[in-house]
Every structure is written in C-alpha cells, then in structure tokens.
Amino acid sequence: MLDIHISLTGRIAYDPRFFASDHEAPAMWSAVLEVNGPPTPRRDGSTYVPTRQVEVVVYGVAAIRAHESYRKGHLVMAWGCDLMPRTYETKNREGKPVVRAAVKVIATDLGLATRYNPVREEQAAWPVAAAPRRLAQGASAAVDGPATPLAA
C-alpha cells in the first residue's frame, strides 16, 4: 500500500510533452496543470484564489493514452503516488539570478474532469429512433431490412 495519495484537478496550461519508449525507458507524458489554491485573505480583508502550476508526469501505457487524449486547455484530474519538489536557478529580465521552485507529481491515473461541464443522462442518451445499429462481425450494413445471415 502506498503512503502518498495525491488528487489534483487542473487545466493543462501548455502543450504537453511526450517521449516515446525506447529499450531503456518507458514512454513518458508530462504536462503543467494550473490548479486553483485555497482562498487566501488579503490585507484589506478580501480574498483571492491563487493559481499554482504543478507538473504531472505519467509513464508507460498511461503516457501513451494521455498523449492520444489530452491537449492544452483540457480540464484533467490526476491521481498521484509521489510528489517531488525541486529548485533551480534562472535569470530574470534584468539578468540577475533568481531561485525558482517547482512541484512534480508522478501520476498513476489521469481522467478528463467534468466539473464545469457535468455529464447528464438526458444529454448522453440516444433517442430511440436515432439509436445506432450494432453489427455482428461479418454482418451486412443494410439499413432498411434485417441483416443477412452469414453463409456457412
């Protein structure tokens, strides 16, 4: 049983990166999620909601599926098993060195979030007249009549 359980919901801020697998390493997918933090009080008594940027990384088959499914702007839920902070030094606009920090979450599962666009049964259900026909393997696609049986 893992001791660390992380759950994040955020919008993909930039184009995700994908690295295909080779003989030494599994496939890797990485994206930066913009996550809303808790309401924070200001000095004047009002509150604001800060936005945090968290890098989410997925490996293996989940990385391949994420590469095929998620793009910039998608609202994604990530379930993670590890959290790694890191610091690095860069230069600001004036050229002075600045120490920055980032947080990376190693995710085990990803899913498209429907928090702002809830899926309702009446929207997802097909009308009876417009229900798609399911075809058995090898059956004809005749629309007007029944499917013809296969010759033995």
Side-chain angles (χ1 to χ4, degrees), residues 1-42 46-141 143 147:
M1 180 103 195
L2 299 173
D3 290 335
I4 299 175
H5 298 278
I6 301 162
S7 175
L8 297 171
T9 302
R11 195 163 301 281
I12 298 176
Y14 309 105
D15 289 326
R17 297 179 300 163
F18 177 71
F19 302 95
S21 64
D22 59 11
H23 65 282
E24 295 178 4
M28 184 183 101
W29 182 84
S30 171
V32 175
L33 296 185
E34 287 184 343
V35 180
N36 290 336
T40 305
R42 292 184 174 155
S46 64
T47 60
Y48 73 99
V49 178
T51 300
R52 315 267 193 244
Q53 290 193 339
V54 179
E55 182 181 6
V56 175
V57 178
V58 181
Y59 294 99
V61 175
I64 296 169
R65 290 187 176 146
H67 174 64
E68 295 170 349
S69 302
Y70 307 125
R71 304 283 179 258
K72 177 182 172 183
H74 284 169
L75 190 63
V76 175
M77 294 175 59
W79 294 274
C81 62
D82 198 5
L83 175 76
M84 292 184 288
R86 66 182 177 96
T87 58
Y88 58 96
E89 188 173 303
T90 184
K91 296 189 178 193
N92 62 7
R93 292 180 182 168
E94 291 83 32
K96 296 180 182 177
V98 176
V99 176
R100 300 189 188 271
V103 176
K104 178 168 45 171
V105 172
I106 306 299
T108 55
D109 294 312
L110 288 174
L112 206 57
T114 58
R115 180 172 66 179
Y116 299 115
N117 186 14
V119 177
R120 295 188 183 91
E121 187 175 338
E122 62 268 7
Q123 291 176 342
W126 288 83
V128 176
R133 290 186 150 208
R134 295 179 184 252
L135 299 175
Q137 184 175 357
S140 68
V143 177

Identify the heavy atoms of K91 and G95 that sit nearest to each other, and give their distance. CD-O, 3.6 Å
How would you list, by chain and number, every residue that makes a side-chain contact (heavy atoms from CB on, under 4.5 Å) with M28, sequence neighbours excluded? F19, S30, V57, Y59
Using 0.5 Å steps for rounding, measure from the CZ atom of R42 to the OG1 atom of T47. 7.5 Å
Closest non-hydrogen contact found for A107 with L110 is CB-CD2, 4.5 Å
Check whether T9 reaches the backbone of S7 with its side chain - one donor and one acceptor, N or O, closer than 3.5 Å. no
Could you state the interatomic distance from CG (D3) to NE2 (H5), rounded to the nearest 0.5 Å? 7.0 Å
Within the structure provided, determine whether Y48 and P50 are in side-chain contact (heavy-atom separation under 4.5 Å). yes
Heavy-atom pair with the smallest gap, counting every atom of A27 and I64: CB-CG1, 3.9 Å
Can you tell me if R100 uses its side chain to pair, donor with acceptor, with the backbone of Y88 under 3.5 Å? no
Using the test side-chain contact (heavy atoms from CB on, under 4.5 Å), find all partners of I12 that sit at least two apart in sequence or belong to another chain. P16, W29, A31, L33, Y70, H74, V76
Please report the closest heavy-atom contact between G80 and V105, naming both atoms and the distance. CA-CG1, 4.0 Å
Please give me the minimum heavy-atom distance between N36 and T51, naming the atom from each residue. OD1-OG1, 3.6 Å
Residues which pass side-chain contact (heavy atoms from CB on, under 4.5 Å) with P97, listed by chain and number, not counting sequence neighbours: E89
P39 and V49: which non-hydrogen atoms are nearest, and at how many Å? CA-CG2, 4.4 Å
Check K72, Q53, K104 against V32 for a side chain to side chain contact (heavy atoms under 4.5 Å, CB included) and give me the one that passes. Q53
